[in-house]
**Student:** 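The following block contains the structure, expressed as structure tokens.
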Amino acid sequence: MIRITLPDGSVREYEKGITGYSIAESISPRLAKEVLSITVNGEVWDITRPIDNDAKIVLHKFEDEEGQHAFWHTSAHILAEAIEAIFPGTKFGIGPTIENGFYYDIEMPEGQSLSEKDFAVINKKMLELCQQNNEVVRKDISKEEALAYFTTKGDEYKLELISELEDGTITLYSQGNFTDLCKGPHLPSTGHIKAIQILSLAGAYWRGDETRKQLTRVYGISFPKQKMLQEYLEMIEEAKKRDHRKIGKELELFHFSPKVGMGMALWLPRGTELRDRLEAWLTAELKKRNHEMVKTPHIGHVDLYKTSGHYEKYGKDSFQPIQTPAEGEAFMLKPMNCPHHVEIFKAKQYSYRDLPYRMAEFGTVYRYEQHGELHGLTRVRSFTQDDAHVFCRPDQVKDEFKSIIELIMFVYKSLGFKDYKAQISLRDPDDKTKYIGTDENWEKAEQAIQEAAHEMGLKPTIELGEAAFYGPKLDFIVKDALGRNWQLGTIQVDYNLPERFELEYKGADNLSHQPIMLHRAIFGSMERFVAVLIEHTAGKFPLWLTPDQVVLLPISEKFNDYAKKVLELLKNYDIRGKIDDRNEKIGRKIRDNELQRIPYLLVLGEKEEESGNVSVRKQGEGDIGNMSIEEFANFINDQIQKDFEK
RNA sequence: GCCAUUGUAGCUCAGAGGUAGAGCACUUCCUUGGUAAGGAAGAGGUCAUGGGUUCAAUUCCCAUCAAUGGCUCCA
């Protein structure tokens with residue numbers, strides 16, 4: 001008998017050699033039906049693999065990442081099996097799972113290629129293979145046997161992968177007529193997969209190396225229920241509708257012109273309204289939290305970046321320096337704001353009592369992003385960071401961290417991003433040599449970050465070895481309305497710049513000390529944040545932020561004067577809007593303004609003018625009745641209040 | 001930067017080796033209309049740019065530029 005410890009701490013005894021499936025069966029038939037993989041002492045296994053020793057286990061369903069992983073991994077094998085059945089001679093690279101689904105890198109037989117026209121037949125074959133409910137069999141073999149198998153098969157990619165594996169046992173997984181090199185885990189049989197579909201094709205280099213052969217990457221997705229696939233496909237459709245590039249054009253927020261240059265957004269008036277309002281709001285919040293606003297130039301002397309170390313690291317991949325005609329000096333478009341802020345800090349002497357010094361700027365920076373990387377507003381060459389640097393003493397790091405976390409959480413909550421994760425990146429404990437700064441300071445900072453995060457109620461994941469060379473960091477990843485993740489905010493500890501720029505303050509001991517610098521951004525960049533906000537809200541911005549809160553629609557020209565009067569009155573209540581006085585019928589005016597996602601439309605005709613009222617329409621809902629102007633104004637301001645409270 | 005696909009009016013897109021089309025938007029006129037598209041007329045294009053093939057290229061070929069989807073990168 002062996003002792004199995006369940007996640008709730010309870011212990012059950014089973015025969016030696018019990019499988020995950022049988023354990024699930026002994027708990028409940030329902031669980032047995034849904035269980036996909038099992039974690040045994042921290043390692044994820046197939047549920048058909050016998051357990052021979054005492055173990056702590058966790059059973060995984062499709063709802064868990066580990067369950068999904070097995071599910072999609074097997075799906076990738078099905079994809080390969082289907083492709084091999086339809087295109088014999090296809091060679092296979094790797095077929096891993098990804099955040100949403102899986103892919104397989106393949107090389108089509110000589111002279112053949114895969115196109116979208118082939119999707120239908122492959123999809124059909126995949127479904128057929130699933131319905132056959134073939135058993136997935138795990139087999140341990142020696143390296144020689146594995147090499148022999150794939151040599152016979154003529155799959156040089158698999159051979160390459162195997163040759164790099166350590167000697168010893170290699171695992172193969174087979175289902176139906178397909179056998180693949182794989183460490184698993186997998187589903188017990190293909191019948192769990194009720195819906196499976198190819199999503200797209202792309203080229204990808206073998207092992208991500210551009211000097212090597214380009215393979216065809218086939219992306220797919222699968223689910224245990226047909227309905228889930230339906231929902232997933234609908235989500236993709238919805239995401240397309242919310243694409244910020246599309247909405248940005250429709251709502252006239254921003255524009256790109258190849259004549260200005262790729263990756264450089266032109267902010268149109270309405271987009272500028274939106275962005276200005278965001279900046280003004282955040283500025284007010286920063287001032288409440290004792291930040292000093294600064295402004296710095298868009299270029300900086302090359303020496304500045306030589307001192308900071310960025311020139312050496314990124315110089316050749318940046319926009320190249322601008323030369324002055326007379327003095328022969330070189331200036332760079334600033335790729336970040338920190339060195340400028342450091343120079344502001346250095347402009348005077350500090351006592352320990354002066355710290356922390358919190359300096360903030362909406363600073364526009366320029367980075368030479370690779371051509372193929374540019375994407376709408378989310379990846380551009382010119383962008384404005386909502387940047388701040390806090391210069392503080394070592395004993396202040398934790399409190400400063402906490403107050404930045406508080407601000408970030410406040411900002412996300414205010415803007416309707418209720419779901420976000422935090423991720424802490426620490427040093428690689430096995431290789432401390434690639435980091436600068438003293439061990440003592442690193443330990444203090446890493447501890448301070450973790451304590452600060454926990455004290456603020458965050459449950460951060462920890463990534464070892466992901467820290468920047470100059471310090472540990474905390475990143476915020478927000479989830480939007482469609483469940484997609486966006487990395488926005490970041491807080492980083494930096495020992496590098498204070499050292500390189502020889503920053504100092506006078507301590508109580510009358511000695512010079514080096515301050516610690518915290519870098520942080522909340523939105524990340526205005527460009528990227530506006531893009532995320534557009535996709536999160538589908539262009540229906542919060543009332544306080546939206547460029548026009550209300551548009552007045554006179555029934556005919558006769559009521560234009562009344563509309564002007566109403567608009568003036570609304571302005572007294574800080575409500576902004578405009579009049580649609582086009583020579584169009586009311587139905588047309590409603591339609592056009594609805595499409596512009598104007599939150600409230602006021603229909604103004606004879607009835608309204610006589611009673612001094614407005615007839616109110618809410619975006620997406622329609623007519624919500626008559627109100628006096630004062631009632632409407634209060635209503636709007638209440639709504640704004642509620643936006644912030646929720 | 002690499003690979004693939006795409007580039008036709010302000011926008012969305014059709015089209016063909018013989019010199020260009022639709023809808024919306026725009027301008028003017030008619031209409032003054034009560035809760036998601038009123039009517040008519042008009043204007044608007046070096047068919048991304050530069051080469052080549054051809055009697056003839058916007059269409060075929062090559063290069064460049066840009067966009068899109070991936071890959072690699074991201075202070």
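All figures in this text were calculated on a predicted structure; none of them were measured in a lab. Proteins come first, then strands; the chains are lettered A, B, ... in the order of their sequence lines, and each starts at number 1.
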**Student:** May I ask you to say whether A:Lys241 pairs ionically with A:Glu237, meaning some side-chain N is under 4.0 Å from a carboxylate O?
**Tutor:**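 The answer is no: the pair does not qualify as a salt bridge.
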
**Student:** Which residues in residues 551-560 of chain A have a heavy atom closer than 4.0 Å to any atom of RNA chain B?
**Tutor:**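 Nucleic-acid contacts, sorted: A:Ile555, A:Ser556, A:Glu557, A:Lys558.
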
**Student:** Pairs counted only when both distances fall under 3.5 Å, Watson-Crick or G-U: show me the 5' to 3' dot-bracket for RNA chain B, [ ] for pseudoknotted crossings and | for other-strand partners.
**Tutor:** (((((((..((((....[..)))).(((((.......))))).....(((((..]....))))))))))))....

**Student:** Using heavy atoms to find the nearest nucleotide of RNA chain B for A:Lys607 and A:Lys249 separately, return the residue whose nucleotide is more 5′.
**Tutor:**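 Its nearest nucleotide being more 5', the pick is A:Lys249.
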
**Student:** When the distance from NZ of A:Lys589 to P of B:rU32 is rounded to whole Å, what number comes out?
**Tutor:** 14 Å

**Student:** For residues 265-274 of chain A, pull every pair meeting salt bridge (charged side-chain N to carboxylate O under 4.0 Å, His left out), keeping only residues two or more places apart or in separate chains.
**Tutor:** A:Arg270-A:Asp548, A:Glu273-A:Arg277

**Student:** Please list each protein N or O that sits under 3.5 Å from an N or O in nucleotides 62-64 of chain B, with the distance.
**Tutor:**
none

**Student:** With 3.5 Å as the limit, what N/O pairs link the protein to nucleotides 6-9 of chain B?
**Tutor:**
none

**Student:** Atom pairs, N/O to N/O, protein against nucleotides 38-40 of chain B, distance under 3.5 Å?
**Tutor:**
unit_1, atom_1, unit_2, atom_2, d
B:rG38, OP1, A:Arg588, NH1, 3.2

**Student:** Before accepting this row, confirm whether a basic side-chain N of the pair A:Arg379/A:Glu369 lies closer than 4.0 Å to the acidic partner's carboxylate O.
**Tutor:** yes

**Student:** Between A:Asp475 and A:Lys473, does any side-chain N to carboxylate O distance fall below 4.0 Å?
**Tutor:**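 Salt bridge flag = yes for A:Lys473 with A:Asp475.
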
**Student:** Taking the inter-plane angle between the rings of A:Phe331 and A:His301 on a 0 to 90° scale, is it parallel (under 30°), tilted (30 to 60°) or perpendicular (over 60°)?
**Tutor:**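 Taking A:His301 first and then A:Phe331, their aromatic rings stand perpendicular (interplane angle over 60°).
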
**Student:** Among residues 375-389 of chain A, which contact RNA chain B at a heavy-atom distance under 4.0 Å?
**Tutor:** A:His375, A:Gly376, A:Arg379

**Student:** Report the distance from atom CG of A:Asp580 to atom P of B:rG34, rounded to the nearest whole Å.
**Tutor:**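 Going from CG in A:Asp580 over to P in B:rG34 covers 16 Å.
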
**Student:** Listed by chain and number, what are the side chain to side chain contact (heavy atoms under 4.5 Å, CB included) partners of A:Asp580, not counting sequence neighbours?
**Tutor:** A:Val551, A:Leu553, A:Arg582, A:Lys589, A:Asn593

**Student:** May I ask you to say what A:Ser200 touches in the nucleic acid, namely base, sugar-phosphate or nothing, with a heavy-atom cut-off under 4.0 Å?
**Tutor:**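 The residue A:Ser200 makes no contact with any strand.
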
**Student:** Treating A:Glu535 as the side-chain partner and A:Ala239 as the backbone partner, does any N or O pair qualify as donor plus acceptor under 3.5 Å?
**Tutor:** no

**Student:** Tabulate protein N/O versus nucleotide N/O from nucleotides 45-47 of chain B, keeping only pairs under 3.5 Å, one per line.
**Tutor:**
none

**Student:** Which word best sums up how the rings of A:His244 and A:Phe254 line up, parallel for under 30°, tilted for 30 to 60°, or perpendicular for over 60°?
**Tutor:** tilted

**Student:** Nearest-Å distance, CG (A:Asp243) to P (B:rA67)?
**Tutor:**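 Checked: the CG to P distance equals 14 Å.
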
**Student:** Anything under 30° is parallel, anything over 60° is perpendicular, the rest tilted; go ahead and classify A:Tyr357 against A:Phe345.
**Tutor:** tilted

**Student:** Can you list, by residue number, the residues of residues 250-268 of chain A that have a non-hydrogen atom closer than 4.0 angstrom to RNA chain B?
**Tutor:**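 When residues 250-268 of chain A is checked for heavy atoms under 4.0 Å from RNA chain B, the hits, listed by number, are A:Met262.
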
**Student:** Reckon A:Tyr219 has a side-chain N or O less than 4.0 Å from the OP1 or OP2 of B:rC71?
**Tutor:**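 Checking B:rC71 against A:Tyr219, a side-chain N or O does come within under 4.0 Å of OP1 or OP2.
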
**Student:** Looking at the base of B:rG34, is there any donor atom on it, or on the side chain of A:Glu608, that sits under 3.5 Å from an acceptor on the other one?
**Tutor:**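 Side chain to base: pair found, below 3.5 Å.
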
**Student:** By the salt bridge (charged side-chain N to carboxylate O under 4.0 Å, His left out) test, which pairs, at least two apart or in different chains, include something from residues 598-614 of chain A?
**Tutor:** none

**Student:** Mind calculating the distance between CD1 (A:Ile247) and P (B:rC11) to the nearest angstrom?
**Tutor:**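 It works out to 18 Å between those atoms.
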
**Student:** Report the distance from atom CD of A:Gln492 to atom C1' of B:rA75, rounded to the nearest whole Å.
**Tutor:**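 In whole Å, B:rA75 C1' lies 8 Å from A:Gln492 CD.
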
**Student:** Any chance the side chains of A:Gln385 and A:Asn337 put a donor and an acceptor closer than 3.5 Å?
**Tutor:**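 There is such a pair between these side chains.
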
**Student:** For A:Arg591, is there an ion pair with A:Glu594 - N to carboxylate O distance below 4.0 angstrom?
**Tutor:**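 Not counted as a salt bridge, because no side-chain N and carboxylate O are separated by less than 4.0 Å.
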
**Student:** Would you call the rings of A:His77 and A:His73 parallel, tilted or perpendicular, taking 30° and 60° as the class edges?
**Tutor:** perpendicular

**Student:** Between the side chains of A:Ser628 and A:Asn613, is a donor N or O closer than 3.5 angstrom to an acceptor N or O?
**Tutor:** no

**Student:** Identify all side-chain donor-acceptor contacts of residues 360-367 of chain A below 3.5 Å with residues at least two apart in sequence or on another chain.
**Tutor:**
unit_1, atom_1, unit_2, atom_2, d
A:Glu361, OE1, A:Thr296, OG1, 2.9
A:Glu361, OE1, A:His341, NE2, 2.7
A:Glu361, OE2, A:Thr296, N, 2.8
A:Glu361, OE2, A:Thr296, OG1, 3.0
A:Thr364, OG1, A:Thr384, OG1, 2.8
A:Tyr366, OH, A:His298, ND1, 2.8
A:Arg367, NE, A:Pro335, O, 2.8
A:Arg367, NH2, A:Pro335, O, 3.0

**Student:** Does A:Arg367 make a side-chain N or O approach to OP1 or OP2 of B:rC73 shorter than 4.0 Å?
**Tutor:** no

**Student:** Answer with yes or no whether the side chains of A:Trp206 and A:Asp105 bring together a donor and an acceptor at under 3.5 Å.
**Tutor:**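 Short answer, no.
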
**Student:** Using a heavy-atom cut-off of 4.0 Å across all strands, would you classify A:Ser615 as base, sugar-phosphate, or nothing?
**Tutor:**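 Contact class for A:Ser615: base.
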
**Student:** Going by an N to O cut-off under 4.0 Å, is there a salt bridge joining A:Arg207 and A:Glu160?
**Tutor:** yes

**Student:** Can you tell me if CD on A:Glu502 sees more than 12 non-hydrogen neighbours from other groups inside 6.0 Å?
**Tutor:** no

**Student:** Measure from CD on A:Glu609 to C1' on B:rU32 and round the result to the nearest Å.
**Tutor:**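 After rounding, the reported distance stands at 14 Å.
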
**Student:** Of the options B:rC74, B:rA36, B:rC71, whose atoms approach the side-chain atoms of A:Tyr314 most closely?
**Tutor:** B:rC74

**Student:** Among A:Tyr103, A:Tyr157, A:Tyr104, which residue satisfies the ring-ring contact (aromatic ring centres under 6.0 Å, His included) criterion with A:Phe92?
**Tutor:**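 Single pass found, and it is A:Tyr104.
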
